[in-house]
> 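Mind having a look at this structure? Questions to follow.
In what follows, chains are A, B, ... by sequence order, proteins preceding strands, each numbered from 1.
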Protein chains: 2
Amino acid sequence: MALAHSPDPVTDAAFTERQAAVLEVALNLLVEGGDKALTTAGLAKAANCSKESLYKWFGDREGILSAIVTYQASKVRGADERANPTTKEDFKQALSAFSEDLLAVLLSETSLALNRLSIGQVRGEAARGESAGLGAVLVDRGKRRIEARAIHLLTHGKRQRFITFDDAADAYTTLYGLIIGDLHIRALLGDHPDLDDSEHQARTRAAIDRFLTLFANALD
Amino acid sequence: MALAHSPDPVTDAAFTERQAAVLEVALNLLVEGGDKALTTAGLAKAANCSKESLYKWFGDREGILSAIVTYQASKVRGADERANPTTKEDFKQALSAFSEDLLAVLLSETSLALNRLSIGQVRGEAARGESAGLGAVLVDRGKRRIEARAIHLLTHGKRQRFITFDDAADAYTTLYGLIIGDLHIRALLGDHPDLDDSEHQARTRAAIDRFLTLFANALD
DNA sequence: TAGGTACTGTACGGTTCGGTACGGCGTTCA
DNA sequence: TGAACGCCGTACCGAACCGTACAGTACCTA
């Protein structure tokens with residue numbers, strides 16, 4: 001997977017520059033007003049475009065929302081896969097970097113808005129024929145990439161015998177849990193926690209220490 | 001805080017029996033159709049009551065939603081505070097019980113629906129003057145109680161020297177993270193995971209083992 | 001200059017839904 | 001018996017909003 005294709009991280013996704021600009025405005029509306037603040041008329045006015053253009057470009061309102069998610073997801077940087085630390089200290093450093101990135105992303109206002117949007121679209125049990133709709137896109141293009149990066153790092157760490165584990169996915173989930181805890185769900189619920197940067201670092205330090213304790217290579 | 005009041009866990013909260021029945025129906029509608037499936041007309045029809053009654057009882061739609069959350073939250077059992085295990089094995093057992101309860105609750109369809117609802121209500125940044133609205137209620141009456149139960153258990157475990165820690169809240173968050181990982185957010189997004197019961201047990205076992213490893217009393 | 005393309009701005013139809021008003025029915029109480 | 005009360009069912013109103021239609025404008029090309 002992950003062919004060396006990767007055309008253009010910015011102008012990718014078949015979005016005109018104009019369209020991207022409109023989506024950017026839409027995202028802002030979404031961040032500072034939630035789902036129902038994003039009306040077609042409102043977006044048209046805010047973005048200085050006509051409703052007719054919106055419908056020509058995106059089909060319908062659902063299409064606009066979907067486009068926002070897709071567009072934003074296309075901006076997550078590809079994770080420098082070449083980060084293959086050779087010393088245990090570097091490995092720990094790489095884990096810490098991942099942790100802080102994860103915290104920064106998940107608690108960012110735009111990520112929260114997008115997650116709220118996607119979650120709001122989920123209908124109970126029998127979600128249409130299309131499995132999950134928006135949430136699926138968000139998970140696929142957002143979380144999966146982060147997960148891939150982490151698992152790559154973890155597997156590398158295992159090969160280098162910095163850590164040991166049987167199931168990479170399980171190890172990743174544990175790492176995630178140690179880092180995030182219940183911060184994400186509380187942030188989603190509006191329980192605004194710390195935006196403090198040093199807080200993140202402290203949290204990261206504790207999480208990584210614990211993770212390394214759990215998965216330390218017995219040979220050490 | 002938390003006076004020994006606690007009138008009646010069931011018929012509490014000043015809800016008539018009739019009203020409770022209506023709220024039950026409303027909850028069902030919510031579970032199997034999400035936020036916008038719960039219209040006042042729809043609820044009136046489904047619950048065999050008149051819209052006029054709905055507005056007399058709950059004020060407006062917001063009041064209905066709020067009542068649903070309050071009502072449901074009033075049903076969380078008070079957590080048997082008397083569970084004070086005396087042996088380390090019993091303590092571990094108590095932790096496991098807590099873990100499975102937590103998983104069962106958080107991944108239940110009703111809990112997910114309520115969380116989705118509350119999250120959907122959150123407006124970006126400047127949420128009205130009323131801080132957080134629904135989400136706050138959910139956090140307060142739902143999560144806080146669970147947290148209280150866990151912290152009680154943990155503190156007890158510390159007193160008994162089964163485990164050791166400095167910050168109880170931090171220990172709890174760690175426990176939570178080890179148990180839940182990213183299951184909750186994925187479930188909220190519609191990424192339907194395992195409803196399997198044995199899965200929960202396995203997950204619980206791993207989480208508790210790890211937790212005890214991290215917080216084991218050094219004297220052991 | 002003429003025609004085509006892409007877009008803006010606005011106006012309009014149609015629908016959904018929150019909230020209110022009103023008539024009717026059953027029950028309780030004097 | 002009759003009056004008051006609570007509630008149901010329904011009809012109704014107004015607002016919001018999605019989606020479409022249409023006229024006007026800027027730009028590009030032959």
Side-chain angles (χ1 to χ4, degrees), chain A residues 11 13-30 32-69 71 113 116-118 120-121 123-124 128 130 133-134, chain B residues 11 14-69 71 113 116-118 120-121 123-124 128 130 133-134:
Chain A
T11 327
F15 287 139
T16 304
E17 204 162 328
R18 180 86 179 98
Q19 293 171 8
V22 171
L23 290 178
E24 204 71 47
V25 174
L27 183 61
N28 284 342
L29 287 180
L30 209 60
E32 61 185 47
D35 180 11
K36 65 164 210 172
L38 184 67
T39 68
T40 56
L43 175 57
K45 173 159 294 189
N48 287 323
C49 73
S50 69
K51 286 176 64 176
E52 189 162 357
S53 296
L54 290 181
Y55 284 96
K56 167 166 290 192
W57 293 335
F58 307 112
D60 57 2
R61 185 174 186 274
E62 180 75 16
I64 297 175
L65 298 179
S66 176
I68 294 175
V69 174
Y71 170 68
R116 293 199 188 103
L117 172 66
S118 303
Q121 302 290 332
R123 297 280 162 269
R128 217 55 78 242
E130 31 136 0
L134 271 197
Chain B
T11 327
F15 286 139
T16 304
E17 203 161 328
R18 180 84 179 98
Q19 293 172 6
V22 171
L23 290 178
E24 204 71 46
V25 174
L27 182 62
N28 284 341
L29 287 180
L30 209 60
V31 168
E32 62 184 50
D35 180 11
K36 65 164 212 171
L38 184 67
T39 67
T40 57
L43 175 57
K45 173 160 293 188
N48 287 322
C49 72
S50 70
K51 286 176 64 175
E52 189 163 1
S53 297
L54 290 182
Y55 284 96
K56 168 163 293 192
W57 294 334
F58 307 111
D60 57 1
R61 184 173 187 274
E62 180 75 16
I64 297 176
L65 298 180
S66 176
I68 295 176
V69 173
Y71 170 68
R116 293 200 188 102
L117 171 65
S118 302
Q121 302 290 331
R123 296 283 160 267
R128 218 54 79 238
E130 29 136 1
L134 271 196

> With a 4.0 Å limit, can you tell me whether B:Thr39 has a side-chain N or O closer than that to the phosphate oxygens OP1/OP2 of C:dC17?
no
> Let's test your reading of the model: under 3.5 Å, does the base of D:dG19 pair with the side chain of A:Lys51 as donor and acceptor?
yes
> Between atom CZ in A:Phe58 and atom C1' in D:dC18, what is the gap in whole Å?
16 Å
> OP1 or OP2 of D:dA16 less than 4.0 angstrom from a side-chain nitrogen or oxygen of A:Arg61, does that happen here?
no
> If you round to the nearest 0.5 Å, how far is CD1 of A:Ile64 from CG of A:Leu30?
11.0 Å
> Taking side chain as C-beta onward, heavy atoms only, is B:Arg18 less than 4.5 Å from B:Cys49?
yes
> Between CG of A:Asn48 and OG of A:Ser53, what distance do you get to the nearest 0.5 Å?
11.5 Å
> Rounded off to whole Å, could you give me the CG-to-C1' distance for the B:Leu65 and C:dG19 pair?
15 Å
> CG of B:Asn48 versus P of D:dT10: gap in Å, rounded?
11 Å
> How long is the gap from CD on A:Gln19 to CZ on A:Phe58, to the nearest 0.5 Å?
5.0 Å
> Between C:dG18 atom P and B:Glu52 atom CD, what is the distance in whole Å?
17 Å
> Among C:dT20, D:dC8, C:dC7, which is the nearest nucleotide to the side chain of B:Cys49?
D:dC8
> Roughly, in whole Å, what's the span from NZ in B:Lys36 to P in D:dC17?
14 Å
> Between atom CG in A:Leu54 and atom C1' in C:dT10, what is the gap in whole Å?
14 Å
> Please determine if a side-chain N or O atom of A:Ser50 lies less than 4.0 Å away from the OP1 or OP2 oxygen of C:dG9.
no
> Return the value, rounded to whole Å, for the distance between atom NZ of B:Lys56 and atom P of C:dG18.
20 Å
> Which residue lies toward the 5' end of DNA chain D, B:Lys45 or B:Trp57, if each is placed at its nearest nucleotide?
B:Trp57
> Would you say A:Thr16 and A:Trp57 make side-chain contact, with heavy atoms under 4.5 Å?
no
> Report the distance from atom CG of B:Asp60 to atom P of C:dC17, rounded to the nearest whole Å.
17 Å
